[in-house]
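Here is the structure we will look at, set down as structure tokens.
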Amino acid sequence: MARARQGHQGPVLVPAGRDKAPGTGIALEQHWAFFWLVSLLLSSLIWFIAVKASDPNDEPLQKGLLIFGVMFSVLLQEAFRFLYYKLLRKAIEGLVALSEDGCSPISIQQMAYVAGVGFGLMSGAFSMINLLADALGPGTVGIHGDSQLYFLTSAFMTMVLIFLHTFWGILFFHGCENRRWWEIMAVVVMHLAVSGSTFCNPLYVGSLVPSYLLMAVAATWAYLLSGGSAQNVRRFLLCSQSGASPQPGS
Amino acid sequence: MTELSAHLPQFQHGQLTENFPDNHLSSTNESSERRRRDNSERRRNDNPESETNGQPQNNIQQVVEQDEEEDEELTLKYGAKHVIMLFVPVTLCMVVVVATIKSVSFYTRKDGQLIYTPFTEETETVGQRALNSILNAAIMISVIIVMTILLVVLYKYRCYKVIHGWLIISSLLLLFFFSFIYLGEVFKTYNVAMDYITLALMIWNFGVVGMICIHWKGPLRLQQAYLIMISALMALVFIKYLPEWTAWLILAVISVYDLVAVLCPKGPLRMLVETAQERNETLFPALIYSSTMVWLVNMAEEDPEAQRKASKNSTYDKQANRAPNEDAEADDGGFSQEWQQQRDSRIGPIESTPESRAAVQALPSNSQTSEDPEERGVKLGLGDFIFYSVLVGKASATASGDWNTTLACFVAILIGLCLTLLLLAIFKKALPALPISITFGLVFYFATDNLVQPFMDQLAFHQFYI
């Protein structure tokens, strides 16, 4: 019976047409957003308890507690990413067992991508949406002596974080799939580094530049892990110049 | 007919002045049931020799199991599609409500309260306020319970005209009066000058087309759009006239009530559904959002008129109309004159009478039902739309965390809906759509507003990113 065969697709970017359940990706992005939200909730709970238990007038202590809150939140987000990976593995095994030809309707790579995008979008939305709402209203940026580039740098920072979450999703899942713990550790360390670099805001060169560099690194790494190569890029560019449609994967 | 009795289409109850139908979720699995039966019939027909093996029971059991597995994988495969089919309308309704709340200040202004919530919340002490809101919620819920029971009683004793009239009056109120107020407030907000003649024409057209689409026939998308709009209007009315603590309490209590009414054996809504099943009727299409049209293919032998109206018209409509204008001779089985002439010219004259059609129906069907699996839709009651939107709207109106809270509630409700649909795919019977979503929504509202918002505020102030 076809069910005995394992439908494992190698590290290849699967074209969208093969996705038998086209809505699955969109539906599952909500799940990721939800998990990110739960991790945020738990970390703010911890921070809130710590703040209530401490002296509200002690400025350095409050800032220290905030930093602690940020680090804790980062670790919790990665923990939830791992948790959802476990859940997803079970779900995919179930789907494979039920499907006609032993292939799951959505591969783990697509899942990784959706996971990353979901996390990123939710994190970006939460960071940015109140700022955007305030940006409509009357006001002057930095009127009390703060940086005038506040909105601009927030936008760039949010963008880099969304991209980073997407790439981290792919890296993380790849690490979990192939039992490469150093990949997982690398993702966690990168996340901590990026969040840590924001502590030197408003010295934006200290936060934006490293974050973009890390994003470039993560992007190339994720691309290589998904089966891309320098040849593919060249072929893609040449093909699009000559008018033929580019071929995906290798 | 046993085929259709196993699955319940949908149910809800409607109320007279303030239209708050309490609604539930179900999927149109009739076709899957039919397909399963067709498959098993066909297999039995095709494998007569397996019966002589001496183990006929095992074979039939295997056949049934195979069908169940196939059915299950089909359900899960198209489960994602159903989720999307409901995400879009629920999201649209919430977006409309939140956009209105944020821009039109009328709906956040306190202009009194409904008569169902007589106790005010502007009290001196917190304890008094809590007591008042509990009393308000209790009164509102009792009104809902009484109305539900009234509806069930009316339905049981076949007072279809009363129910129909009740639903028509409610839709008239929503489509004309509430949309008139809404339009008026939107014009005031954007300072648009409008004369009464144009306004009257717009409202008239909107209302009449809405009545036709909802209660009779219309393009599916238009009907869905109208249902979303009236849900949004109703939700806005609730957001305006329910004071804060009362609103949260009502949301909590109504999801408990929903759970009880749908799942308990003596629950009014369950009784409503079972009565509808016994009589083989669909319930109140005016108060259910459906993602696809339901083609009543199997109803041909008992109700030829139903085949002509291939939409979800309520059966009592047809029963009311059938007596004066139906004749045995006029029963042409739904085929028009031109079609019959064409057919006669091609394959010779054939007489299609109720008897011949019944004979054809009685043959075991050798082919899969022509209905595409994608046409299996999901139905969600309008009350669910309304209460989801009330939650998100109240969150956006009164939260200090503002957009973060709104977004969190939105995600929580959609996840709850996802989970409910998953349960629906597993249990395959009507389920209450409110409890899970509203619980998540309430938890996330209070948690985000009190815990996450100060945290995010501090982070934004220092420009830290997590």
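So that the names make sense, note that chain A is the first sequence line, chain B the second, and so on, each numbered from 1.
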Identify whether NZ of Lys or CZ of Arg in K102(B) sits under 6.0 Å from the centre of the six-membered ring of W403(B) and within 45° of that ring's axis.
yes
Under the ring pair (Phe, Tyr, Trp, His ring centres under 6.0 Å) criterion, do F199(A) and F464(B) qualify, and how do the steps go?
CA-CA 6 Å; F199(A) 294 153; F464(B) 292 168; 4.7 Å; yes
Side chain / backbone / both / neither for M71(A) at chain B, heavy atoms under 4.5 Å:
neither
Any chance the rings of F126(A) and W36(A) have centres within less than 6.0 Å?
yes
Side chain, backbone, both or neither: which part of L414(B) has an atom under 4.5 Å from a heavy atom of chain A?
side chain
Ordered numerically, the heavy-atom neighbours of chain A under 4.5 Å found in residues 443-451 of chain B are F444(B), A447(B), T448(B), N450(B), L451(B)
Quick check, are the ring centers of Y85(A) and F172(A) under 6.0 angstrom apart?
no
Just verifying a value: how many Å separate M159(A) CE and L208(A) CG, rounded to the nearest 0.5 Å?
9.5 Å
Would you call R89(A) and E93(A) a salt bridge, using N to O less than 4.0 angstrom?
yes
Please identify, among L37(A), T158(A), D146(A), L132(A), the residue contributing the most non-hydrogen atom pairs under 4.5 Å to chain B.
L37(A)
Measure S147(A) against the heavy atoms of chain B and call it side chain, backbone, both or neither at under 4.5 Å.
neither
Can you tell which part of S154(A) gets under 4.5 Å to a heavy atom of chain B, answering side chain, backbone, both or neither?
both
Go through Q77(A) and L40(A) one step at a time and tell me if the side-chain contact (heavy atoms from CB on, under 4.5 Å) criterion holds.
CA-CA 7 Å; Q77(A) 282 177 44; L40(A) 179 65; 5.9 Å; no
Measure Q62(A) against the heavy atoms of chain B and call it side chain, backbone, both or neither at under 4.5 Å.
neither
Taking the six-membered ring for Trp, are F48(A) and F455(B) ring centroids under 6.0 Å apart?
no
Whatever's closer than 4.5 Å to a heavy atom in chain B on L45(A) counts as both
Could you check, using the six-membered ring where one of them is a Trp, whether F156(A) and Y204(A) have ring centers closer than 6.0 angstrom?
no
